[in-house]
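Keep in mind that what you see is a predicted model, and the values were worked out from it rather than measured.
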Amino acid sequence: MKTQILIAALFFGGLVTAQQKKDSLKVNAIDAVNIKKQVFKKQGDRLVYDVASSSIAKGTNTFNLLKQTPMISSIDGKTLKILGKNDAVIYINNKKTNMDSEALIEMLKSTPSEDIQKIEVITVPGSEFQVESKEGVINIVMKKSKNNGYNGTLKMQNEQAFYNNPNAGASFNFRQGKWSGNSNFRTGSWTDRQRYTLSNGDPTFRNESYGFNDDPNKNFGGGFNVDYEINKKHSLGFSYNMRYNKSFNSVLDITNWQNGVLNNRTVNNEDAQTRNHSFNLNYEMKTDSLGSRLTSNISYLWFNRDKVSFNESFPLTNDTINKYSALHQSVPQIINNYAANIDYLKKTAKGATWLMGISYNHTNTDNDTKQDKLIGTDFVIDPKQTNHFIYKENILGIYLNYERKLTEKISGKIGARYEMTRSTGEILEKTGFERNYNNLLPYLNLNYAINSDHNLSYTFSSRIRRPRFWELNPSRTYFTPTNYTQNNPFVLASKFYNQELNYMYKNAFYANLSFNMVEDASASDMLPLQGTLTAPERDKNGNIVYGPDGNMIMRTTRFLRYIRTNYGKNRELALTLGMNKSWFKDIWTTNYSVNLGYVTYKGGVWEDPTSQLGQYESESLDPYIIDVKNYNMSATINNIIRLSSKKDWFLGVNYFFASQTAMEGGMIGARQSFDLSLKKIAGDWTIVAEVSDLFNQSFYRVKGVQPNGKYNNITNFNYPRLMSIGVTYNFGNQKLKKTREMKSANDAVKSRT
């Protein structure tokens, strides 16, 4: 309660201060318009943060700048959220970025903030954006000029968490006449350390597991863009991006207890490596002087992930049930995607804008999973967990938008996206399926500029969420022989309906009310299914054991299986109150927001579509019932304080808090993070020292209890405190125009890898 009172006092204290200055602002209104440019404002379907007019933008990187942007937050330094809940899709100059999520974050961290003109936050994107579910869009608009020359950035950073993690990057840009280009390279190593506490059971039985995971990673990535201006109307561009990650000698070590008695120990050793290559050819033709243009793209994406593991379970008691067991597993995945799209943007003399386009995606995934288990002294193939899964998907999309200003105060945008999906999945020599469905996805935005101080807008959008490709691959990842995650090739796409009402006052204070509905919902995380497996007892050679009466001796084993599957529907009502304002001649810049939410989840899982039983085996699965209603709140408090009149020293003081939040899998515990940063700018050099989550309070805890008394609790402590120091050097002509950003035709597929 003290935490929530403190948050409210800080937030509304700023609001009261603003109201106390109301009279003086009226007197100096004309001077303010002439001297100071609006930093944060509403424009049509988006909120615009004018970075070039902000005093905090110099000498940092794009990722840190995004964390200071209104409506955007990050608690883990790896992901970005909009309004504290929606996943963010990054666009650059209205073109979706062409790389996987980890490479994207590294790119943002290595891009100087001086290159950014403005940041646009689109909480409910229009039909032209390739997004899913309730994802929002962050559009980064780069600065532009026509100067020839070159520039670049060199960056080195060292992070200290449980282990020390160094990384470095470089970027280079050039422009000469009709040619322009840019390239970047990033490399680094990090080792994730996580500590687990797992418990599950019912009033008559409890299983507890304790352990840790060390996951070392080495990676490098980069790419280049080349753009040639054929003439004033025609441009041709080519881009290439790649990423390689190697994670060898990853160790998961778990000790298991049953009913308070030490039972066994499981050790899993894993080697994995990921390769990602993408190519895009772009052509653009300007068709008139009003800004109309035709754009076309052809893209290819190749993704390959190899993973092999060796899982051993050692008995720690002398009973006859728990025996030494082991298994080998190989889980490769290869994805090939071919895509093309054509967009035509037509602007009329009366100020209206038409956007129409067509896109096509063909994706083929090949997942050849092999698993061997120890029988006696030999490893033999496990036919139930060995499978070759081929998934093919074709998506044809047609979209149309119309946007115009209806009156001096009212503007609107209406559109629709029609998608035809044809997909087939086949587990060779076992089973298969075919799914064909069509979706009409309407969009509407109305904006009412009441006067210079007040703005009101309403937005409606419909989207779907297709399963990620790794979710469909029917393989397991083991914690212990009886505790594992299970992917599901039979999960269906979910349908999302999003509505939002937004109000802004004086381009500094805002309120956002949203309501989201989901049909055929699948859990945001995997659902824990508990049950028992009854199978014949076997000797060390794998032969069935018979009793004195000649009947098979049957053995019953409890299991906990985490699975992603459709369960029913959910509803979410959320209110966000926010403020972005500078005080005392820009010495103190504040970005505060409070999110209040109410969620309901309704449905259940009564069977496991992935179950595979051998001869004489039977399985009993306990139904998993979802009937959740929950109120929650979160708050973000960001402060930037200028420490010197030369604008070369800055102090950052940030705080994040999230209350307990109910999800389909249980109640997530409260989290909070207190961060400090100190920045020094010295000419072309910038030095930043940061401490994130000073008190180690942003780790993951979940408690789930079913009506029948069965429970599942997880604590995943990932050592979130992070200390880092980074040095950035900018060289060359800093007013150089950026290469034309090009849209990739397979943008929608990349997020699903």
Side-chain angles (χ1 to χ4, degrees), residues 248 250-252 254 264 266-273 304-315 321-335 364-391 425-433 469-490 531-546 552-563 608-619:
F248 283 6
S250 177
V251 178
L252 174 66
I254 299 287
N264 58 39
T266 299
V267 179
N268 188 78
N269 293 276
E270 180 182 289
D271 291 342
Q273 53 185 335
N304 185 328
R305 185 171 193 266
D306 292 316
K307 184 180 75 170
V308 294
S309 59
F310 179 45
N311 187 286
E312 297 178 282
S313 185
F314 305 90
I321 295 178
N322 292 291
K323 302 175 182 178
Y324 173 80
S325 63
L327 60 90
H328 288 127
Q329 190 183 57
S330 172
V331 188
Q333 183 175 61
I334 300 174
I335 300 175
N364 186 90
T365 72
D366 190 319
N367 314 269
D368 192 3
T369 301
K370 293 181 172 60
Q371 184 167 308
D372 299 335
K373 61 181 178 181
L374 184 65
I375 302 295
T377 58
D378 299 319
F379 282 93
V380 299
I381 191 169
D382 183 349
K384 291 190 296 183
Q385 299 306 320
T386 295
N387 56 73
H388 192 174
F389 177 59
I390 303 293
Y391 179 74
E426 182 180 7
I427 304 177
L428 299 183
E429 300 180 0
K430 291 186 178 181
T431 187
F433 61 85
F469 296 122
W470 62 267
E471 297 172 0
L472 295 172
N473 182 21
S475 64
R476 290 179 176 178
T477 300
Y478 290 88
F479 287 96
T480 73
T482 58
N483 188 336
Y484 48 85
T485 63
Q486 171 72 63
N487 293 334
N488 179 11
F490 308 107
T532 58
L533 175 66
T534 302
E537 180 71 23
R538 296 181 183 271
D539 60 22
K540 63 180 182 179
N541 296 318
N543 299 316
I544 295 176
V545 178
Y546 293 86
M552 289 183 293
I553 297 178
M554 306 300 289
R555 176 183 177 185
T556 298
T557 306
R558 293 175 180 263
F559 64 81
L560 175 60
R561 182 183 300 153
Y562 295 92
I563 184 171
D608 181 358
T610 68
S611 291
Q612 299 182 54
L613 300 176
Q615 190 177 20
Y616 309 121
E617 293 181 346
S618 63
E619 182 177 284

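With sequence neighbours excluded, no residue forms a salt bridge (Lys or Arg N to Asp or Glu O under 4.0 Å) with Glu312.
A donor-acceptor contact shorter than 3.5 Å is absent between the side chain of Thr431 and the backbone of Ile427. The backbone N or O of Asn473 lies less than 3.5 Å from a partner atom in the side chain of Asn487, making a donor-acceptor pair.
For the atom pair Arg538 CZ and Ile544 CD1, the distance stands at 4.5 Å (nearest 0.5 Å). Separating the CD1 atom in Ile334 from the CD1 atom in Ile390 is a distance of 9.0 Å, to the nearest 0.5 Å. A distance of 9.0 Å separates CG of Asn311 from CD of Gln371, quoted to the nearest 0.5 Å. The distance from the CD atom of Gln329 to the NZ atom of Lys307 is 6.0 Å, given to the nearest 0.5 Å.
Between Thr556 and Thr534, the side chains place a donor N or O and an acceptor N or O closer than 3.5 Å (distance only, hydrogens not considered). Checked by atom type, the side-chain pair Glu537/Tyr546 shows no donor-acceptor distance below 3.5 Å.
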Which is it for Phe490 and Phe433 under the ring pair (Phe, Tyr, Trp, His ring centres under 6.0 Å) test, yes or no, and what are the steps along the way? CA-CA 8 Å; Phe490 308 107; Phe433 61 85; 5.7 Å; yes
Passes ring pair (Phe, Tyr, Trp, His ring centres under 6.0 Å), Tyr324 versus Phe314? Steps please. CA-CA 5 Å; Tyr324 173 80; Phe314 305 90; 5.5 Å; yes
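Using bins of under 30°, 30° to 60° and over 60° for the plane-to-plane angle, the ring pair Phe379/Phe310 lands in the perpendicular bin.
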